[in-house]
Colleague: 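Sending over a structure as structure tokens; questions will come in a sec.
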Amino acid sequence: MTRLYIQDVTLRDGMHAIRHGYTVDQVASIAAALDAAGVDAIEVAHGDGLAGSSVNYGPGAHTDEEWIEAAASVVTNAVLTTLLLPGIGTVAELRRAHRLGVRSVRVATHCTEADISAQHIDVARSLGMDVAGFLMMSHMAAPEKLAEQAKLMESYGAHCVYVTDSGGRLTMDGVRDRARAYRSVLNPETGIGVHAHHNLGLASPTRSWQWRTASHAWTPRSRAWEPARATVPWKPSSPWPT
């Protein structure tokens with residue numbers, strides 16, 4: 001029986017839509033509702049990941065720690081997750097998030113810069129976290145080149161690597177070709193994820209294509225790899241970039 005693994009990013013990617021202005025009460029309310037709805041994982045951070053609150057990326061209404069604490073106080077079933085971009089967030093922020101209850105992280109780099117993720121992936125693994133590599137702007141690299149970068153993230157310890165369409169540029173064929181390229185080089189037990197944006201109105205179809213293409217999926221709660229379980233975390237449709 002096929003089962004979707006739903007990772008909701010309203011409290012991270014959704015931050016962009018409101019200029020990172022969620023209050024802690026709103027975070028707690030949304031996280032509680034998502035948890036009650038049976039969402040598998042809830043991602044919490046500034047829109048640009050841990051330590052993103054700045055003049056460059058936009059100040060947040062609260063700190064990452066305050067948002068994470070608010071979510072952790074109400075979540076009883078879902079896995080608490082976060083995003084980290086090396087060069088914005090550091091190992092120190094990652095360790096702090098882990099102390100607050102975050103048990104899964106997506107380490108994000110530009111699609112041709114996987115090598116800068118090695119330290120962060122390694123530290124996350126040492127903390128016992130579930131770790132995904134997040135290759136942003138995946139439309140800018142050909143499938144074979146992107147797969148080489150995915151292989152690097154796998155070699156650093158990533159349990160799963162994403163085709164991340166943060167530019168909202170990929171069609172179904174583009175996602176399919178990249179997922180197939182991943183599968184041709186990654187170990188069978190390594191998961192393949194997709195993060196789609198809706199700029200072309202194709203977020204749902206591209207996720208569907210990726211699900212059909214990947215043969216294994218990641219189940220962070222049990223840290224088990226199971227055939228025929230979708231690797232397609234859900235995200236709200238919006239024009240705002242990752």
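These figures come from a predicted structure and were not determined experimentally.
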Colleague: Looking at Asp165 and Ala196, what are the two nearest heavy atoms and their distance?
Modeller: CB-CA, 4.4 Å
Colleague: If you compare all heavy atoms of Asp35 against all heavy atoms of Asn77, which two are closest, and at what distance to 0.1 Å?
Modeller: OD1-N, 3.1 Å
Colleague: Of all the heavy-atom pairs spanning Ser53 and Gly60, show the shortest one and how long it is.
Modeller: OG-N, 2.7 Å
Colleague: Which residues pass the ring pair (Phe, Tyr, Trp, His ring centres under 6.0 Å) test with His46, not counting sequence neighbours?
Modeller: His20
Colleague: Is there a donor-acceptor pair under 3.5 Å between the side chain of Arg178 and the backbone N or O of Gly174?
Modeller: yes
Colleague: Check whether any side-chain N or O of Asp40 sits under 3.5 Å from a backbone N or O of Ile6 as a donor-acceptor pair, and report yes or no.
Modeller: yes
Colleague: Tell me, with the steps shown, if Glu148 and Val185 meet side chain to side chain contact (heavy atoms under 4.5 Å, CB included).
Modeller: CA-CA 8 Å; Glu148 292 174 5; Val185 300; over 6 Å; no
Colleague: So Val44 and Thr82, do their side chains get closer than 4.5 Å, heavy atoms only?
Modeller: no
Colleague: Between Met15 and Tyr22, is there a side-chain heavy-atom distance shorter than 4.5 Å?
Modeller: yes
Colleague: Minimum heavy-atom separation for Ala72 to Leu80, with atom names?
Modeller: CB-CD2, 3.9 Å
Colleague: Over all heavy atoms of both residues, which pair between Val161 and Tyr182 is shortest? Give the atoms and the distance, please.
Modeller: O-CE2, 3.6 Å
Colleague: Does Asp177 have any side chain to side chain donor-acceptor pair (under 3.5 Å) partners at least two apart in sequence or in another chain, and if so, which?
Modeller: none
Colleague: Any side-chain to backbone donor/acceptor pair from Asp64 onto Ala45? Under 3.5 Å, distance only.
Modeller: no
Colleague: Measuring from Asp48:CG to Leu84:CG, what's the distance to the nearest 0.5 Å?
Modeller: 11.5 Å
Colleague: List the residues meeting side-chain contact (heavy atoms from CB on, under 4.5 Å) with Ile116, not counting sequence neighbours, and say none if there are none.
Modeller: Pro86, Thr109, Glu113
Colleague: Checking Glu65 now: which residues fulfil salt bridge (Lys or Arg N to Asp or Glu O under 4.0 Å) with it, not counting sequence neighbours?
Modeller: Arg96
Colleague: I need the minimum non-hydrogen distance between Ala179 and Ile192, along with the two atoms involved.
Modeller: O-CD1, 3.7 Å
Colleague: Between CD of Glu43 and CZ of Arg106, what distance do you get to the nearest 0.5 Å?
Modeller: 4.0 Å
Colleague: Once rounded to the nearest 0.5 Å, what's the spacing between atom CD of Glu189 and atom NE2 of His159?
Modeller: 10.0 Å
Colleague: Compute whether any side-chain donor of one residue and acceptor of the other, for Thr171 and Asp173, lie under 3.5 angstrom apart.
Modeller: no
Colleague: Cut-off 3.5 Å, no hydrogens considered: what does the side-chain donor-acceptor table look like for residues 131-144, sequence neighbours left out?
Modeller:
from   : atom 1 : to     : atom 2 : distance (Å)
Ser138 : OG     : Leu135 : O      : 2.5
Ser138 : OG     : Thr164 : N      : 3.0
Ser138 : OG     : Thr164 : O      : 3.4

Colleague: The criterion is side-chain contact (heavy atoms from CB on, under 4.5 Å); which residues satisfy it with Glu154, sequence neighbours excluded?
Modeller: Lys151, Leu186, Asn187, Thr190
Colleague: Measure the CD1-OG distance between Ile121 and Ser126 for me, rounded to the nearest 0.5 Å.
Modeller: 12.0 Å
Colleague: Gln149: which residues meet the side chain to side chain donor-acceptor pair (under 3.5 Å) condition with it, sequence neighbours left out?
Modeller: none
Colleague: What residues form a salt bridge (Lys or Arg N to Asp or Glu O under 4.0 Å) with Glu93, not counting sequence neighbours?
Modeller: none
Colleague: Which pairs count as side chain to side chain donor-acceptor pair (under 3.5 Å) when at least one residue sits in residues 114-123, sequence neighbours excluded?
Modeller: none
Colleague: Is a side-chain donor or acceptor of Arg103 paired with a backbone partner of Met129 at a separation under 3.5 angstrom?
Modeller: no
Colleague: With a 4.5 Å cut-off on side-chain heavy atoms, are Val107 and Met153 touching?
Modeller: no
Colleague: Under 4.5 Å between any side-chain heavy atoms of Leu170 and Val163, yes or no?
Modeller: yes
Colleague: Would you please name every residue forming a side chain to side chain donor-acceptor pair (under 3.5 Å) with His110, sequence neighbours left out?
Modeller: none
Colleague: Determine, stepwise, if the pair Leu127 / Val102 fulfils side chain to side chain contact (heavy atoms under 4.5 Å, CB included).
Modeller: CA-CA 10 Å; Leu127 293 171; Val102 171; over 6 Å; no
Colleague: Would you give me the side-chain donor-acceptor pairs under 3.5 Å for residues 23-34, sequence neighbours excluded?
Modeller:
from  : atom 1 : to    : atom 2 : distance (Å)
Thr23 : OG1    : Gln26 : N      : 3.0
Thr23 : OG1    : Gln26 : OE1    : 3.4
Gln26 : OE1    : Thr23 : N      : 2.9

Colleague: Could I get the full list of side chain to side chain donor-acceptor pair (under 3.5 Å) partners for Ser184, not counting sequence neighbours?
Modeller: none
